[in-house]
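As the structure is a prediction and not an experimental result, all values here were calculated from the model. Count residues from 1 along the sequence.
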Amino acid sequence: VIPSLFAAYKMGDWTISGFFGITGGGGKASFDDGLPMFDAMVIGGLGAQKIPSNAYSLKSYMDGKQYIYSVQLGLTYKITEWLSAFAGGRMNYFTGGYQGALKASAAVDLPSPAGGTIPVGTELIGIDLDCDQTGWGLTPIVGFDAKFGRLNLATKYEFRANMNIENDTRTLEYPEAAKAYMAPFENGVNTPSDIPSMLTAAAQYEILPTLRAAVEYHFFD
């Protein structure tokens, strides 16, 4: 379910329009059995310790969410009877986060590097993550619309929105072998996450007063 709200008000040759909604991010998901990318980091660390795969058990889970909320405002001006132009901007607010853990425990008694044994159930290696992320960026937008009888042509260009996603990390534990993957989740780290620019072009033809046909092209840069 993606809610959204559109509104427009026309005053002579001018029209002011607005929009609010969720424009990206992917939503929310729970992975009760974890994610392979995190499992692989732990399995690699155990392999480096020469612990065979049948000598440990893995338990993992991950909850994740990503939303981009957007507010857009713009003005349209009727230049001539057949040509109109639009200029405006969209404020994008990103909110997301990850919460999860992965634990590898000994499934059998294992020899300890310090001598003796590591008993069944002992945690061998693990990852624990609780991180929220926020950021924002502005998308300038320009557009044109031209109407020639039954033919309507339109184009719109959305400029790239520069976004930096900042971490608010409450929990972050991981083995040294996973540092390259987990360091981006450190508290206060900013990660570039730009929204690409987009060029849209469309053509519409009125075949009959009750029938129209249209084609669109979208290019993301």
What's the shortest heavy-atom distance between [X] and [Y], and which atoms?
X	Y	result
A202	E216	CB-CG, 3.8 Å
T139	A161	OG1-CB, 3.3 Å
D221	P196	O-CB, 3.7 Å
A101	D128	CB-OD1, 3.8 Å
A183	V189	O-CG2, 4.1 Å
P184	A180	CD-O, 3.9 Å

Original post:
Can you name the residues that form a salt bridge (Lys or Arg N to Asp or Glu O under 4.0 Å) with D39, not counting sequence neighbours?
Top reply: none
Hydrophobic cluster membership, [X] vs [Y], 4.5 Å side-chain cutoff:
X	Y	result
W14	L83	yes
I51	V120	no
V42	V108	yes
L35	L129	yes
I16	F144	no

Donor-acceptor under 3.5 Å ([X] side chain, [Y] main chain):
X	Y	answer
T80	W82	yes
N92	I68	no
T155	G143	no
N152	Q204	no
N167	N187	no

Subject >> T15-T76 side chain donor-acceptor pair, cut-off 3.5 Å >> reply: no
**OP:** Assess the pair F6 and F19: is the distance between their ring centroids shorter than 6.0 Å?
**Re:** yes
Subject >> W136 ring center near Y93 ring center (under 6.0 Å) >> reply: no
Is there a side-chain contact between [X] and [Y] in this structure, where contact means two heavy atoms from C-beta onward sitting under 4.5 Å apart?
X	Y	answer
E186	L172	yes
I43	L58	yes
L124	L46	yes
Q72	I141	yes
M163	I165	yes
Y61	D33	no
L73	F20	no
S84	I79	no

**OP:** Go through the steps for Y69 and M91 under the test side chain to side chain contact (heavy atoms under 4.5 Å, CB included), then give the verdict.
**Re:** CA-CA 8 Å; Y69 297 96; M91 177 62 70; over 6 Å; no
Calculate, to the nearest 0.5 Å, the distance between atoms [atom1] and [atom2] belonging to [X] and [Y] respectively.
X	Y	atom1	atom2	answer
I22	S4	CD1	OG	9.0 Å
L102	E173	CG	CD	12.5 Å
Y67	T23	OH	OG1	13.0 Å
E206	L208	CD	CG	8.0 Å
S197	L199	OG	CG	8.5 Å
Q66	S193	CD	OG	7.5 Å

Original post:
Considering residues, nucleotides and ligands other than L211, do more than 12 of their heavy atoms fall under 6.0 Å from its CG?
Top reply: yes
Subject >> Enclosure of F148 CZ (heavy-atom neighbours >12, cutoff 6.0 Å) >> reply: yes
Applying salt bridge (charged side-chain N to carboxylate O under 4.0 Å, His left out), which residue pairs with at least one partner in [range] are found, sequence neighbours left out?
range	result
residues 132-142	D132-R170
residues 142-159	R90-E158, K156-E158
residues 58-78	K78-E81

Subject >> Ring geometry between Y98 and F185 (parallel below 30°, tilted from 30 to 60°, perpendicular above 60°) >> reply: perpendicular
Subject >> Residues F159, V142; criterion side chain to side chain contact (heavy atoms under 4.5 Å, CB included); working and verdict >> reply: CA-CA 9 Å; F159 293 81; V142 294; 4.3 Å; yes
Subject >> Trace of the side chain to side chain contact (heavy atoms under 4.5 Å, CB included) decision for R160 with N162 >> reply: CA-CA 6 Å; R160 184 179 65 182; N162 294 316; 3.4 Å; yes
**OP:** With sequence neighbours excluded, tell me which residues meet ring-ring contact (aromatic ring centres under 6.0 Å, His included) with Y174.
**Re:** none
Original post:
Step by step, would you call Y77 with D13 a side chain to side chain contact (heavy atoms under 4.5 Å, CB included)?
Top reply: CA-CA 6 Å; Y77 182 66; D13 291 338; 3.8 Å; yes
**OP:** Only pairs at least two apart or in different chains count here, so list each ring pair (Phe, Tyr, Trp, His ring centres under 6.0 Å) that has a residue in residues 199-221.
**Re:** none
